[in-house]
Amino acid sequence: MALTIGLTGGIASGKSTVTKMLRGLGIPVIDADQVARDVVKVGEEAYEQIIKTFGQDILQENGEIDRAKLGAIVFYNEQERKKLNAIVHPAVRRRMLAEKEAYVQKGAKTIVLDIPLLFESELTHLIDKIIVVYVDDDIQLERLMKRNGFSEEEALARIRSQMPLHEKVKKADAVINNNGTIEETKQQLLRILKEWNAL
């Protein structure tokens, strides 16, 4: 039976760094963000539902959804965000489970589901063990502003749209503290995987 690990954290907490490390160890990672992009591509069922709900104004000239325009609508309005999540989350869940099943059929011992909103989306039932990638608030804010070119206000709006990291830590089976160096992060990851017999 494959061990399914849920990898989560906050925006700009360094989760993608840990994902790269996992892939480097040969552990398959299913990325919820990538799946979420795939399920809203032109012609997908979720794409049609989003246009019905939010209108043609959110489309680019080539017919694809303009993520920035849609983001501007949902980031500051919880009702609109809930509408979007009700369309996207079930589609993402179905696709992720299908991908996981494919890895199980290939004989994978450990499969990681990289789900930024693992707790917010109530997807913990898909997971055997949970790793939270943690950073201090000030580092998270600084990294997000630098990475995305956000103002402090824009960065804080995105951070606050997620469950606070210290809340996620309480629900984790293991925590990687990503305030330090990449090497320190890797050592923590390896220790957790060995402990869980996941390598």
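Every value quoted in this text rests on a predicted model; they were computed, and no experiment measured them. All values below were derived from every heavy atom in this structure, side-chain atoms included, with hydrogens, water molecules and symmetry-related copies excluded. Numbering starts at 1 and runs along the sequence shown.
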Is it true that, when you exclude [X] itself, more than 12 heavy atoms of the residues, nucleotides or ligands shown sit nearer than 6.0 Å to its [atom1]?
X      : atom1 : value
Glu45  : CD    : no
Glu152 : CD    : no
Gln162 : CD    : yes
Leu190 : CG    : yes

With a 3.5 Å distance limit and no angle check, can you tell me whether [X] reaches the backbone of [Y] through a side-chain donor-acceptor pair?
X      : Y      : value
Thr8   : Ile115 : yes
Asn62  : Glu64  : yes
Asn178 : Ser13  : yes
Lys109 : Leu3   : no
Asp136 : Asp138 : no
Ser161 : Phe75  : no
Asp128 : Thr4   : yes
Glu184 : Thr181 : yes

Is a salt bridge present between [X] and [Y], judged by a nitrogen-to-oxygen distance below 4.0 Å?
X      : Y      : answer
Glu120 : Lys168 : yes
Lys69  : Asp57  : no
Glu167 : Lys170 : yes

Kindly compute the distance separating [atom1] ([X]) from [atom2] ([Y]), expressed to the nearest 0.5 Å.
X      : Y      : atom1 : atom2 : answer
Ile5   : Asp173 : CD1   : CG    : 9.5 Å
Lys171 : Phe119 : NZ    : CZ    : 6.5 Å
Arg37  : Asp31  : CZ    : CG    : 6.5 Å

Can you give me the closest heavy-atom contact between [X] and [Y], atom names plus distance?
X      : Y      : result
Ala155 : Met145 : CB-CG, 3.7 Å
Val92  : Ala36  : CG2-CA, 3.7 Å
Ile11  : Arg147 : CG1-NH2, 3.8 Å

* **Trace of the salt bridge (charged side-chain N to carboxylate O under 4.0 Å, His left out) decision for Glu183 with Lys186** => CA-CA 5 Å; Glu183 189 50 39; Lys186 185 164 192 178; over 6 Å; no

* **Residue pair Gln188 / Arg191, side-chain donor-acceptor N/O under 3.5 Å** =>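 No, no side-chain donor-acceptor contact under 3.5 Å.
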
